[in-house]
Amino acid sequence: MNPQAAHAGAILTVNLDAIRSNYRLLRQQAGKAACAAAVKANAYGLGADKVGPALAAEGCRHFFVAHLDEGIALRPHLPATADIFVLHGAPPGTERELIAHGLTPVLNSLQQIAAWHALAQTLQRPLPAIFQVDTGMSRMGLPAAEAEAWLANPAFMESIPPLFLMSHLACAEHQGHPMNASQLARFLAWRRRLPQIAASLANSSGIFLGPDYQFDLVRPGAALYGIAPVAGAANPLQPVVALHGRIIQSRTIQRGDHVGYGISYSASEERQIATVGVGYADGWLRSMSNRGIAFIDGQPAPMVGTVSMDSITIDVTGIAAERVQAGATVELIGPHRSADQVAQLAGSIGYEILTDLGRRYHREYIGGL
Ligand SMILES: Cc1ncc(COP(=O)(O)O)c(C=O)c1O
């Protein structure tokens with residue numbers, strides 16, 4: 001084992017080849033639309049500096065980050081021909097930073113449009129951007145009145161050539177949800193007034209709503225990283241992440257003995273307990289207390305007791321002693337337990353499990369370029 005891995009409480013393995021394969025599947029599913037990649041939040045916790053180049057090697061040319069700083073950090077890792085779009089636009093007063101780092105804003109408000117327009121005038125050249133319209137999520141994008149004000153001012157169209165008209169779906173993982181059709185109708189209404197502008201609506205789940213939702217550019221994130229895109233359906237994506245925690249020590253406890261903070265678990269008979277070096281400070285959510293399951297050579301080892309900051313305790317009764325000694329590793333995410341399954345037990349979503357993955361883990365990458 002590599003010495004750095006031997007130091008760590010857990011080893012996180014990210015399969016870049018699986019991300020590339022997922023990208024190919026999504027691109028195929030997206031038909032005629034180009035396939036972008038959402039690599040915000042450090043590529044959903046997996047490392048944008050590694051994931052970005054792997055996707056660029058697969059032919060991806062459009063990347064979405066949330067924050068200006070994420071775009072600045074990503075720029076050196078991508079070919080100059082790749083576009084990096086900043087979903088939140090530029091915070092007021094930072095517009096020049098986007099230009100300096102070769103980033104393109106998604107403009108979400110009239111205020112952002114006015115600031116970008118002012119910069120275009122100062123620089124005396126057009127500054128292209130994406131325009132996001134709100135189609136019912138009330139989170140990001142131009143509300144109807146602000147979109148009308150944008151369209152009513154021809155100077156904006158001249159100084160800011162629209163690269164895409166964009167919106168975002170609120171309920172796309174539920175294919176039968178009426179919100180999907182409602183948002184599509186609102187998006188089409190804007191699009192009819194701007195037929196010359198390319199359009200982008202679908203995230204991962206939106207791609208699977210079919211061709212009506214795909215337009216010119218799709219923007220998957222979670223599905224690239226192996227998260228299931230359609231609620232209640234089989235997951236067509238390859239798993240990307242494996243997490244192996246290391247056992248610190250094991251002990252035998254007797255009937256009536258307790259485990260962990262708040263003594264939320266008490267043994268009803270003799271049990272073998274192992275302590276693993278992963279806790280809520282590593283993103284192993286406290287809601288997994290007495291709920292999660294680790295696997296040792298495919299055998300389940302239920303989590304017992306409360307998740308601590310730096311450790312969890314698992315019941316390894318019946319598992320061979322040499323597999324539960326100090327230094328041995330146990331599967332927390334992997335072939336027997338997907339990030340989605342972990343999320344379900346934690347009362348969360350796969351997105352949160354990935355983006356919370358701890359910075360203390362030793363990270364190993366498979367494949368890539
Ligand atoms: C505007 C926008 N586009 C695309 C995505 C990617 O979504 P997903 O990870 O569900 O594919 C997100 C993620 O939240 C987003 O906010």
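Just so you know, ligand 1 is whichever comes first in the structure, and atom 1 is the first atom listed for that ligand. Just so it is clear, the model here is predicted, and its values are computed rather than measured.
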| request: May I ask you to list the atoms of ligand 1 that are less than 4.0 angstrom from any heavy atom of A222? | output: 8 (P), 9 (O), 11 (O)
| query | Do T104 and D83 get their side chains close enough for a donor-acceptor pair, meaning under 3.5 Å? | reply | no
| said: For residues I197 and I160: do they belong to one hydrophobic cluster (side chain heavy atoms under 4.5 Å, members Ile, Leu, Val, Met, Phe, Trp, Tyr)? | reply: yes
| field | Side chain, backbone, both or neither: M140 near ligand 1, heavy atoms under 4.0 Å | value | neither
| field | Closest approach of any protein heavy atom to atom 14 (O) of ligand 1, naming residue and atom | value | K40 NZ, 2.8 Å
| field | Numbered atoms of ligand 1 (with element) below 4.0 Å of P220, judged on heavy atoms | value | 11 (O)
| field | Contact partition for H168 relative to ligand 1, non-hydrogen atoms under 4.0 Å | value | side chain
| query | At a 4.0 Å threshold, what atoms of ligand 1 neighbour a non-hydrogen atom of M166? | reply | 1 (C)
| field | Sub-4.0 Å atoms of ligand 1 with respect to non-hydrogen atoms of R139 | value | 16 (O)
| field | Heavy atom of the protein closest to atom 4 (C) of ligand 1 (residue, atom name, distance) | value | R219 O, 3.3 Å
| Parallel under 30°, tilted from 30 to 60°, perpendicular over 60°: which one fits the rings of F85 and F164? | perpendicular
| said: Are any of the N/O atoms on Q132, whether in the backbone or the side chain, positioned under 3.5 angstrom from an N/O atom of ligand 1? | reply: no
| Backbone or side chain, does any N or O of G221 fall under 3.5 Å from an N or O of ligand 1? | yes
| request: For atom 7 (O) of ligand 1, find the nearest protein heavy atom and state the residue, atom name and distance (0.1 Å precision). | output: N203 CB, 3.3 Å
| note | Within 4.0 Å of some non-hydrogen atom of Y351, the atoms of ligand 1 are 8 (P), 9 (O), 10 (O)
| remark: Going by the 4.0 angstrom heavy-atom rule, the piece of Y44 near ligand 1 is side chain
| In terms of atom number and element, which parts of ligand 1 are under 4.0 angstrom from non-hydrogen atoms of A38? | 6 (C)
| message | What I want to check is whether the side chains of E173 and S205 have a donor and an acceptor closer together than 3.5 Å. | response | no
| task | For the pair R24 and E58, find out whether any cationic side-chain nitrogen is under 4.0 Å from an anionic carboxylate oxygen. | result | yes
| Should the proximity of S204 to ligand 1, defined as any heavy atom under 4.0 Å, be assigned to the side chain, the backbone, both, or neither? | both
| Any side-chain donor paired with an acceptor under 3.5 Å for N22 and Q238? | no
| Where on L87 is there a heavy atom closer than 4.0 Å to ligand 1, on the side chain, on the backbone, on both, or on neither? | side chain
| query | Looking just at side-chain N and O atoms, do T306 and S264 make a donor-acceptor pair shorter than 3.5 Å? | reply | yes
| query | Going by distance alone, is a donor N or O of one side chain under 3.5 Å from an acceptor N or O of the other, for D315 and T317? | reply | yes
| field | Any L209 side-chain heavy atom under 4.5 Å of H177 side chain | value | no
| task | May I ask you to test the V65-I84 pair for a side-chain heavy-atom distance under 4.5 Å? | result | yes
